[in-house]
Amino acid sequence: MTNINAKNLADVRIVYHREGFESPIGHLVRSRMESVVCEWLIANGIAHRHASEVFAVALGPTRTPAIYVPDIILHDKNKNGKTVIIEPIQISAPKGAGTKVFAAFRSQMKDKYYIIVVAKKQSARSIMKDAYDAFIDFDKLHLLKRRIPFPKL
């Protein structure tokens with residue numbers, strides 16, 4: 001990404017450590033919501049990986065380097081040629097940089113990635129609209145089928 005040199009990227013990669021727990025199906029997840037989304041993806045035959053990539057993004061006018069580690073990236077599904085990222089957000093008001101990092105990533109990589117946020121409907125107002133391409137209410141997870149391309153049978 002622009003204005004982030006290799007040294008800054010290396011520094012960012014070093015400080016990242018994924019915390020979480022093993023879901024019932026053996027994937028490392030950070031929240032119950034991520035676990036439920038994972039189980040839904042598996043039940044629907046959608047190959048995915050968790051926290052498998054680390055991106056450096058430039059935040060704000062000072063272009064401060066920050067890390068963005070997508071929760072879920074789909075393997076073989078894309079939306080309009082873009083890789084699909086799914087971000088389950090379990091808390092009602094994301095802390096810290098929270099969705100600012102999603103928004104910065106989306107702004108800088110909008111040609112390559114399609115971000116779907118899954119959260120409770122009442123959380124929608126606390127999530128920056130620039131942070132995602134699609135919002136799915138967690139209570140209507142089945143609507144993911146409309147956002148992820150499935151082959152016609």
Among Ile72, Ile73, Ile85, Val84, exactly one meets side chain to side chain contact (heavy atoms under 4.5 Å, CB included) together with His48. Which residue is that?
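Single side chain to side chain contact (heavy atoms under 4.5 Å, CB included) partner of His48 among Ile72, Ile73, Ile85, Val84: Ile72.
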How long is the straight-line distance from [atom2] of [Y] back to [atom1] of [X], given to the nearest 0.5 Å?
{"X": "His75", "Y": "Leu41", "atom1": "NE2", "atom2": "CG", "answer": "10.5 Å"}
{"X": "Tyr68", "Y": "Gln108", "atom1": "OH", "atom2": "CD", "answer": "12.0 Å"}
{"X": "Asn80", "Y": "Asp133", "atom1": "CG", "atom2": "CG", "answer": "9.5 Å"}

My understanding is that only residues two or more places apart in sequence, or in another chain, count here; which of them pass side-chain contact (heavy atoms from CB on, under 4.5 Å) with Lys120?
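For Lys120, the residues satisfying side-chain contact (heavy atoms from CB on, under 4.5 Å) (neighbours in sequence not counted) are Met33, Gln122, Ser123, Phe138, Asp139.
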Hey, does [Y] have a side-chain heavy atom less than 4.5 Å from the side chain of [X]?
{"X": "Lys140", "Y": "His142", "answer": "yes"}
{"X": "Ile136", "Y": "Ile86", "answer": "no"}
{"X": "Ile127", "Y": "Phe102", "answer": "no"}

Specify whether Phe55 and Tyr113 have parallel, tilted or perpendicular ring planes, treating 30° as the upper limit for parallel and 60° as the lower limit for perpendicular.
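Rings of Phe55 and Tyr113: perpendicular, over 60°.
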To check you understand the geometry: which heavy-atom pair defines the closest contact between [X] and [Y], and what is its length?
{"X": "Lys145", "Y": "Asn44", "answer": "CE-OD1, 2.9 Å"}
{"X": "Arg106", "Y": "Lys129", "answer": "NH1-O, 4.0 Å"}
{"X": "Lys100", "Y": "Met128", "answer": "CG-SD, 3.6 Å"}
{"X": "Phe135", "Y": "Ala124", "answer": "CZ-CB, 3.8 Å"}
{"X": "Ala58", "Y": "Ala104", "answer": "O-CB, 3.8 Å"}

Write out all pairs satisfying salt bridge (Lys or Arg N to Asp or Glu O under 4.0 Å) with one or both partners inside residues 41-57, taking only residues at least two apart or from two chains.
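Passing the test, one end in residues 41-57: Arg49-Glu53.
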Counting distance only, does the side-chain N/O of Glu87 pair as donor-acceptor with the main-chain N or O of Ile115 below 3.5 Å?
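Side chain of Glu87 to backbone of Ile115, a donor-acceptor pair under 3.5 Å: no, none is there.
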Just by modelled atom types, is the Lys110 backbone N or O under 3.5 Å from a matching donor or acceptor in the Lys82 side chain?
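Looks like yes, one N/O pair under 3.5 Å.
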